[in-house]
Structures are given as structure tokens and as C-alpha cells.
Amino acid sequence: MATIKAAILGFGTVGQGIYHILNEKREELKSKLGLELEVAKILVRDTSKERVPGTAHLLTDNIDDVLSVKGLQVVFEAIVNEEPAFTYLKRAVEHRCHVVTANKVMFAKRGLELQELAKKNGVFVGYEATTAGAVPVIKTMKNILLVNDVSRIQGILNGTSNYILTKMRAEGWSFDEALAEAQRLGYAEADPYNDISGQDAFKKLMILSALAFGEQPNWSDVEVIGIDGISLEQVKEAIDQGLRYRHVAEVEKYPDGTITAKVGPMLVDKEHPLYPIDDVFNAVTMETNYIGTLTLVGPGAGMYPTASVMVEDYAEIIGKRAGFVVSI
Ligand SMILES: NC(=O)c1ccc[n+]([C@@H]2O[C@H](COP(=O)([O-])OP(=O)(O)OC[C@H]3O[C@@H](n4cnc5c(N)ncnc54)[C@H](OP(=O)(O)O)[C@@H]3O)[C@@H](O)[C@H]2O)c1
């Protein structure tokens, strides 16, 4: 049985999740994919920190160590920010490795470029985990686009914002109380700026725009508003009118080819597909010409949901290579 050598870049929440899934599912992956996946290297910044027992010998802080692994075939990337992540993945692709990323900040800006480079090198880029976590929006949209045009996408793309808005409405908590609870539960980062300012949702929206339309609007033309300006009084007024606040990211392509996007709080009524989406859930609604309107809902983040879709991405790549579809 063939052994596939894999590397994991970044060994925090997501990177460790990938490692655990590859170990826990070793036998199942063997029987379903017909191959063994071996983690050969793990890239971190600080190699002295023990994260998972038994992995110290795999750690390195040097990408050259990773890329010099003989027979390396896939790189799972779960580090943060555009650089050095993009440069590392570019080098991996040039080494003819498939890459699977969770890094939305990098992919929103450099995704099209990375995919172009991958195509030239005959390898694949998996990026389901960048957008809406475990909600299979990327693979679903890719399938839909084989036959349909997508004209408009609306989504709740940040679970932390949705959790805060849900608790303000359902529990009557203030914004600060709801944010503190989101942080206590590990939903929000210690620095929640990207979540509550709308920047996180904006990056995911740009990834969806690139997929649906092959391009993005000028980033500087997109109005991005967070939820930090919404008061409890406003939430209560909305309830009285039968409405709910949702933090919605939307992008639309018009028949003349213009693309517009915006990110911000929106009041929705009972008929709106995003009305019932509560807590940390994410949802994406797509308007298409043949299917009509389709909404996907599911967990937007977390160690295992995110890592799981990354391993699924790899299974899909193997399936494409072998000319069959693999399901785990
Ligand atoms: N957490 C989620 O639920 C989730 C969901 C979807 C997508 N994502 C995305 O997945 C990525 C990882 O998120 P996370 O929550 O796992 O982050 P995290 O817990 O902060 O872990 C980040 C890891 O990356 C390593 N790292 C950072 N900069 C590096 C560099 N320059 N060179 C080498 N290693 C570096 C860190 O090394 P040290 O340990 O040595 O500091 C750490 O192990 C991010 O891009 C995030 O946006 C996360």
C-alpha cells in the first residue's frame, strides 16, 4: 500500500486537529483511499513548545526542512496571515505538492494566483476550510457552477458575530456581556477585532466572489461594517417589529458584469433564509438561475470541523487524481 507523506504548517487549533484526525482515522483512510497518510513534518515558529505528545521529532521552524522531505505530496496549511503562508504554499506548489489551506486572510488576497500556479504545476489547491468552516459551500458551489450561474451570495460568515447578536436578542445581554461570554467559550479570539469589525466575514466573502464570478470587487469599494455599533435597544426595537439583526456579507454580479459587495448588520424578517440561523452557526444563501435559491447551514469553525474539511479536501484531490469520487 502506498504511503503518502504529508506536512502540516502551523500546529495550533486547526493543525493539531488535522494531526488527530489523520491518526484517529488512519485505518479508515487506508481502506477508503487505499493509501496511508503519514505526517512527515510539522512547521511552527517555536519548536521548543510541546503541543501534542510524541510529535517533538516532527517539528521544525524551517520551511526548507519541510520541502526537502522525500516524496512529500501534500501540505496542509493552518498558519495565520498572508505571509509567510503564501510564499510557503507557492514553494510547495512549485515542488508539485497539493496544498490544502484554512488561511482565509492569505487566500482572500492570493487565492486566484495560487490556483493559477497550481494549475501550471499540475497540482490541486483545497480551500473549503477558509470559508464557513464545515459548511460545504466551496464544493457545493463548484458543482452548481458546472451548470448554473450564481448571481448573488448572502451569508452569515462569522460565527462569533452571530453568537453575540443571538444572545443580545434571546437573552437580553448587552454587546459587551455577549462578547465576554463568546471569549469565555473560546468562540472569539482574545483580540476579537477581526470578528466584530466584519473583516473576517469580508475575507470569506471575497473568496466566494472569486469562486462564483472569477473575480472580486475592488476591496476599497466594499463597505465593511461590524456589529459593535448595535445597541441592546436597537435589538429590542427589532424584536418588537418581528425582525432580527443578522451580520450579512453579500456580493452580487449584475447583467452588465458589475460586481458589488457589502458587509454589515441587516434586519431580516421571518421569510428571509438567514432569519432562523442562531448561535455560532454559519449559513450561505446562493441565488442561481436553474436551481433557484439554495441555503447551506452548519458549524462555521472549531478544531475538528475545520480540520475535517481539510482532510476531506485531500480525499477529494486523491479521488480526482485516480479518476473516481471518494467519500469518507
Ligand atoms: N480556529 C478555527 O476554528 C479556524 C477555522 C477556520 C479557519 N481557520 C484558519 O486556520 C488558520 C489557523 O488557525 P488556528 O486557530 O489553528 O491558529 P492558532 O491556534 O493561532 O495556530 C497557528 C499556528 O501557526 C503557527 N505559525 C504562525 N505563524 C507562523 C510562521 N510564520 N511560521 C510557522 N508557523 C507559524 C503557530 O506556531 P507557534 O505555535 O509556534 O506559535 C501556530 O502553531 C488561520 O489562518 C485561521 O484563520 C481557523
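For ligands, and for the atoms within them, numbers begin at 1 and follow the listed sequence. Since this is a predicted model, take the numbers as computed values, not measurements. All values below come from the heavy atoms of this structure, side chains included, with hydrogens, waters and symmetry mates left out.
Note: no N/O pair closer than 3.5 Å links A301 and ligand 1 by distance alone. Between R45 and ligand 1, at least one N/O pair is under 3.5 Å apart. Annotation: G10 places no N or O atom under 3.5 Å from an N or O atom of ligand 1; distance criterion only.
Closest to atom 11 (C) of ligand 1, if we only count protein heavy atoms, is I79 O, 3.2 Å. Regarding atom 20 (O) of ligand 1, its nearest protein heavy-atom neighbour is V80 CG1, 4.6 Å. The single protein non-hydrogen atom nearest to atom 3 (O) of ligand 1 is G302 N, 2.7 Å, given as residue, atom name and distance. Residue, atom and distance of the protein heavy atom nearest to atom 13 (O) of ligand 1 are V14 CG2, 4.0 Å. Taking atom 43 (O) of ligand 1 as the reference point, the nearest protein heavy-atom neighbour is F11 N, 2.8 Å. The protein atom (non-hydrogen) at minimum distance from atom 8 (N) of ligand 1 is A102 O, 3.7 Å. Nearest protein heavy-atom contact of atom 19 (O) of ligand 1 is T13 N, 3.0 Å. The protein non-hydrogen atom at the shortest distance from atom 12 (C) of ligand 1 is A78 O, 3.2 Å.
Within the listing of ligand 1, atoms 45 (O) sit less than 4.0 angstrom from a heavy atom of N103. Here is the list of ligand 1 atoms found below 4.0 Å of a heavy atom in P84: 31 (N). Atoms of ligand 1 found under 4.0 Å from any heavy atom of R51 (numbered from 1 in listed order, with element): 38 (P), 39 (O), 40 (O).
Protein heavy atoms come within 4.0 Å of atom 47 (O) of ligand 1.
By the criterion of a heavy-atom distance under 4.0 Å, both the backbone and the side chain of D46 are placed next to ligand 1.
In this structure the side chain of K104 reaches within 4.5 angstrom of the side chain of I207, judged on heavy atoms. Using a 4.5 Å heavy-atom cutoff, the side chains of Y314 and F124 are not in contact. Considering only heavy atoms from C-beta on, V125 stays 4.5 Å or farther from D313 through its side chain. With a 4.5 Å cut-off on side-chain heavy atoms, E252 and Q154 do not count as touching. Between L89 and V75, the closest side-chain pair of non-hydrogen atoms falls below 4.5 Å.
Taking a 4.0 Å cut-off on heavy atoms, E77 fails to register as neighbouring ligand 1. Under the 4.0 angstrom criterion for non-hydrogen atoms, A129 is in contact with ligand 1. Ligand 1 lies out of reach of M106, whose nearest heavy atom is not under 4.0 Å from it.
In the model, Q199 has no side-chain atom that pairs as donor or acceptor with a side-chain atom of N194 under 3.5 Å. Remark: the D256 side chain and the T258 side chain contain an N/O donor-acceptor pair separated by less than 3.5 Å. Judged by distance alone, the side chains of S31 and E27 never bring a donor and an acceptor atom under 3.5 Å apart. T101 and N103 are not linked by any side-chain donor-acceptor pair at a separation below 3.5 angstrom, with hydrogens and angles left out of the test.
Listed for the R244 side chain is no donor-acceptor partner under 3.5 Å among the backbone atoms of V268.
Within the set D61, I42, V44, V309, the minimum heavy-atom distance to atom 34 (N) of ligand 1 is found for V44.
In this structure, R51 forms no cation-pi arrangement with F11, as its terminal cationic atom is not both closer than 6.0 Å to the ring centre and no more than 45° off the ring axis.
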Inset, instruction - Report the C-alpha distance between K236 and E233 in whole Å, list the side-chain angles of each, state the deciding distance to 0.1 Å, and finish with yes or no for salt bridge (charged side-chain N to carboxylate O under 4.0 Å, His left out). - result: CA-CA 5 Å; K236 285 179 178 160; E233 286 63 43; 5.4 Å; no
